[in-house]
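Written below as structure tokens is the structure these notes are about.
A quick note: this is a predicted structure, and the numbers were derived from the prediction, not measured. Side chains included, hydrogens not; waters and symmetry mates left out as well; all remaining heavy atoms used.
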Amino acid sequence: MDFEPRYTAEQQAFRREVKSWLADNLPDGLEFPADSEDLSYGGYLQLRELGRRLGSKGWLWPTAPAEYGGGGLSIDHAIVIEEELDGFDLSLPPYYDSGGRLGGASVLVWGSQDQKDHFLPPIFRGEVRTWQLLTEPGAGSDLAGVQMSAVRDGDDYVLNGQKIYVGSSHGAEMLWTIARTDPNGARHHNLSWFMLPTDSEGITIQPMDLLITSGEGGAGTGTKNTIFFDDVRVPAFNLIGGENSGWQVATTHLELEHGSGGAIRRNRMVDRLFECAAQLRRGDEPLSADPEIQDLMVDVFVEAEISRLFGLRNYWMRHTGQKMAHEGPQHSLYRKQSGLRAAETMLEALGPYALTNDPRWDLSDGHMEVFQRSSIVAMHPGGTAEIQKVIMARRLAIGRQTREQAGRLE
Amino acid sequence: MDLSLTEEQRLLRSAARDFMEREAAKEALLEFEQSAFGCSDEAWQTAADIGWLGMLVPEEYGGSGSSLTDAAVVYEQLGAGPLSGPFFSSGVLGALTVYEAGSDEQRSHWLPRIAGGREIVALALTEPSYGWEPERVRMRAQPTDSGYVISGTKLFVHDATAATTLICAVRCRDSEGVTLMMVDARAAGVTARPLTGFMGWVGEVTFEDVEVPADAVLGEVGDGWRPLQAAFQKAAPILCAYKVGGAQSVFDVTLEYSRSRIQFGTPIGRFQRVQDHIVEMVNHLDAARWTTYEALWKLDAGRSDPTSVHLAKAVASEGYYQACNHSHEVHAGIGVAREYGLTLHTRMSRTLYHCLGDPRFHRRRIAQTLGF
Ligand SMILES: Cc1cc2nc3c(=O)[nH]c(=O)nc-3n(C[C@H](O)[C@H](O)[C@H](O)COP(=O)(O)OP(=O)(O)OC[C@H]3O[C@@H](n4cnc5c(N)ncnc54)[C@H](O)[C@@H]3O)c2cc1C
């Protein structure tokens, strides 16, 4: 076993290249608001520009195939890029984009050659960003129960319905969604999966007022939206994976969203807790000198380490093409639950300081206060804790003879 | 033994429910959440007219001299909203502190005004070195010819910006103990500022060379902590009742949602994982309710027992907090949409989590009262 990436001379040279490229190409004055809803439009455009520049080098989606605009690089190269960006508090992609992380993977697995050639390069080069439109008011956990209808009409499908809790602030160029193409078909055999441009006629986007949104495995999204579809025409070419096979296509990105993508990012909230506890004084001593507070900090640390290792393991399994079973939802579940516990522990340790983003008394540029809210909200996106448990049970074959297979990733 | 409410208490409860329906329906509460005061002038004045700001004020000082349990029955319903506004700060904690610490003259001056809602009193105790122990009170008062000059910062003061008068805890040079002073919130040098974040109606108050007359000292110089503790003992279970009301309301909404929300062709309440959350909620709720009402009963029956007050405060704060978390898990997406109303409680459960001491503080107190 070796938990540390080992770098060859070639990779060390690559690191130098990445370093100097970043020094030349990182825009000045990037915004890092604790609450992604505070990212200005200008700040967002800067990040998009950075994405395009990274994309043109193949570094935005380093392990995606080069023939479709990705980097075609090894996992170790990808780690080098992630590590170097991490030094600037950035990660890949530097803004919320479901296209490269999830949707692109589904097109890669299920799209025709023409569809891959058409849809993937703009995604992997960072020319477009893409939202995922799955959830409906009546269909959250029960995603297969979506009601949005898609009816074939000539060379198009016509979509009608409503999606909810989707997208981000500042718009997107592309969307993907699933809709019902066979109103009478059997469950899981009645849906189809579409890519479509956001400026299609008949789409109305309404921002929602939520407690906060959360990272969803990367940069924060800012505002979530309700989106209405009124007779939206989508070319039949945009249907990926065949009519009524949409559920199959979805299993690929659901697998990734349920944690199988893994993560190698640092958990900054732990460092922030330590810093806050060292800054605060109770009487003449720093809070962090109190053994009771130390116990609380260690509770958070231990769970964050376990979560980090689950993420690391999954990242390694994903990028070395290994078959996964319960590992994806295990990471997702643990991240959610330990996050909620950590927020409570931080509230106990730091007192009301954990709740305020007042400029004078806030100890972490707003991150503690944001975390108090986001740890609640993070329980829901990408499948609730209960749903992660349901999937784990099937994958482990608890009380049954055969294990459920994971969604196809290649 | 009889654990039911009296006939009179049931009437109080239904009056409080009617009041909440009229003055504090969900749409109103969502507006109040954005307001600096915490509720409408109308809701405040109506509550004062009914007498809810004077329940703990003896009749001779213009109140109704009700039992703590009576007051708790009303505050439980306010918590069910949750109705924000300085009801507890002024009508309970403020009134009790003035009563416990004040001279007869001070009681006669302040209590009728508090009961009538004309004066709004808030306790300015905690400081940047946060905590509810007497050692945390470090702000100094310098004696002058006519009284004192105070300077310093009080932090995380509940209802600081709504208050017309602040009960400020300080230390005078000539004495080691804590001294309480009634400070006019509009006096020169006093600045109250709300703190933003996942909390509400909690502020910072700065005092810059504020002149306080000698007769503003509540009770005796250096002897403020003892009556303040007496006031805490009575006020804490009423704050607990407010949280019980919150937890009850969150539980009710969640139970109803589990019956009506359909996924996979069945009400989500049929899923055992969802049931687990609701079972946990009702355990927290009932634990908070019975620890709270036993503590109230002991106080009303003259069997004062600090352990039971600390128990109630630890259990109710924790219970309200956890009830909200479980409710969010049952609701998933819709629960975090502000217009749904659940986040009013989530925010309130955080706002009040540390007020009068957080659960760990009260657990430590239990260790002491049990004589470990
Ligand atoms: C911040 C945020 C961002 C989001 N981003 C997106 C996005 O970009 N795109 C998108 O399409 N969607 C998005 N969502 C929606 C998210 O995927 C759903 O909220 C989630 O899947 C849960 O669905 P629901 O809210 O309808 O809850 P429901 O499915 O109604 O769940 C209610 C309760 O029932 C439980 N439950 C349901 N079924 C079962 C079962 N079989 N067994 C046990 N318990 C069960 C749930 O666990 C939960 O406790 C987002 C949501 C949030 C809050």
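- Only the side chain of Tyr353(B) comes within less than 4.5 Å of a heavy atom of chain A; its backbone N, CA, C and O stay farther away.
- Look at Glu404(A) and Arg394(A) and you find a salt bridge, because one of the NZ, NE, NH1 or NH2 atoms lies within 4.0 Å of a carboxylate O, short of that distance.
- For Tyr321(B), the part lying near chain A is the side chain, with the backbone staying farther off; criterion is any non-hydrogen pair under 4.5 Å.
- By the neighbour-count criterion of 12 heavy atoms within 6.0 Å, atom CZ of Arg270(B) is sparsely surrounded, having that number or fewer from other residues, nucleotides or ligands.
- For the 3.5 Å distance criterion, the side chains of His345(B) and Ser249(B) qualify, holding a donor opposite an acceptor.
- Only the backbone of Arg281(A) comes within less than 4.5 Å of a heavy atom in chain B; its side chain stays farther off.
- Other residues, nucleotides and ligands contribute only 12 or fewer heavy atoms inside 6.0 Å of the CG atom of Asp365(A).
- Ring orientation note: the planes of His362(B) and His310(B) are tilted relative to one another, at an angle of 30° to 60°.
- Residue Arg363(B) places its CZ atom among 12 or fewer non-hydrogen atoms of other residues, nucleotides or ligands, all under 6.0 Å distant.
- At a cut-off of 3.5 Å, with distance as the only test, no side-chain donor of Lys336(A) or Ser332(A) sits close to an acceptor on the other residue.
- In terms of non-hydrogen atom pairs under 4.5 Å with chain A, the most contact-rich of Gln263(B), Glu329(B), Arg261(B) is Gln263(B).
- Ranked by non-hydrogen atom pairs under 4.5 Å with chain A, the options Ala332(B), Pro359(B), Ser129(B) are led by Ala332(B).
- When the candidates Glu339(B), Arg350(B), His331(B) are compared by the number of heavy-atom contacts under 4.5 Å with chain A, Arg350(B) comes out ahead.
- Residue contact with chain B, scored on non-hydrogen atoms closer than 4.5 Å, involves the side chain of Thr384(A) exclusively.
- By the 4.0 Å N-to-carboxylate-O rule, Arg187(A) lies close enough to Asp142(A) to be salt-bridged with it.
- No part of Glu135(B) comes within reach of chain A, as not one of its non-hydrogen atoms sits under 4.5 angstrom from that chain.
- The residue among Arg138(B), Arg273(B), Glu204(B) with the most heavy atom pairs within less than 4.5 Å of chain A is Arg273(B).
- Both the backbone and the side chain of Val390(A) come within less than 4.5 Å of a heavy atom of chain B.
- Under 4.0 Å is where a charged nitrogen must lie from a carboxylate oxygen, and between Arg360(B) and Glu292(A) at least one such pair does.
- In this structure, chain A has no heavy atom under 4.5 Å from any part of Arg347(B).
- Heavy-atom distances place the side chain of His277(B), and not its backbone, under 4.5 Å from chain A.
- Taking the ring axis of Tyr130(B) as reference, the NZ or CZ atom of Arg136(B) does not stay both within 45° of it and closer than 6.0 Å to the ring centre.
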TODO: Could you give me the CA-CA distance, side-chain angles and deciding distance for Gln337(A) and Glu303(A), then say whether side-chain hydrogen bond (donor to acceptor under 3.5 Å, both in side chains) is met?
DONE: CA-CA 10 Å; Gln337(A) 294 190 324; Glu303(A) 296 207 339; over 6 Å; no
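- Ranked by non-hydrogen atom pairs under 4.5 Å with chain B, the options Gly145(A), Ala385(A), Ala144(A), Gly140(A) are led by Gly140(A).
- Heavy atoms of Lys389(A) lying under 4.5 Å from chain B belong to its backbone as well as its side chain.
- Annotation for Gln275(B): atom CD counts as buried by contact number, over 12 foreign heavy atoms lying within 6.0 Å.
- Note on Thr126(B), Thr351(B), Asn325(B): by heavy-atom pairs under 4.5 Å with chain A, the leading option is Asn325(B).
- Taking the six-membered ring where tryptophan is involved, the planes of Phe271(B) and Phe264(B) are perpendicular, since the angle between them exceeds 60° and thus also 30°.
- Neither the backbone nor the side chain of Glu133(B) comes within less than 4.5 Å of any heavy atom of chain A.
- Of the two parts of Thr346(B), only the side chain, counted from C-beta on, holds a non-hydrogen atom closer than 4.5 Å to a non-hydrogen atom of chain A.
- Only the side chain of Phe156(B) comes within contact range of chain A, with at least one heavy atom under 4.5 Å from a heavy atom of that chain.
- For a residue to count as touching a neighbouring chain, one of its non-hydrogen atoms must lie under 4.5 Å from one of that chain's; by this rule Ile376(A) touches chain B with the side chain only.
- Looking at Ile262(B), the atoms closer than 4.5 Å to chain A (heavy atoms on both sides) all sit in the backbone: N, CA, C or O.
- Ring geometry, Phe301(A) versus Phe274(A): the interplanar angle falls from 30° to 60°, so the pair is classed tilted.
- The contact between Pro194(B) and chain A is made entirely by backbone atoms, counting heavy-atom distances below 4.5 Å.
- Residue contact with chain A, scored on non-hydrogen atoms closer than 4.5 Å, involves the side chain of Thr153(B) exclusively.
- Between Thr345(A) and the options Val298(A), Leu340(A), Leu350(A), Leu296(A), a side-chain contact (heavy atoms from CB on, under 4.5 Å) holds for only Leu296(A).
- Residue Gln272(B) does not touch chain A at all, counting heavy-atom pairs closer than 4.5 Å.
- For chain A, the nearby part of Thr343(B) is the side chain; its heavy atoms alone come within less than 4.5 Å.
- Both the backbone and the side chain of His328(B) come within contact range of chain A, with heavy atoms under 4.5 Å apart.
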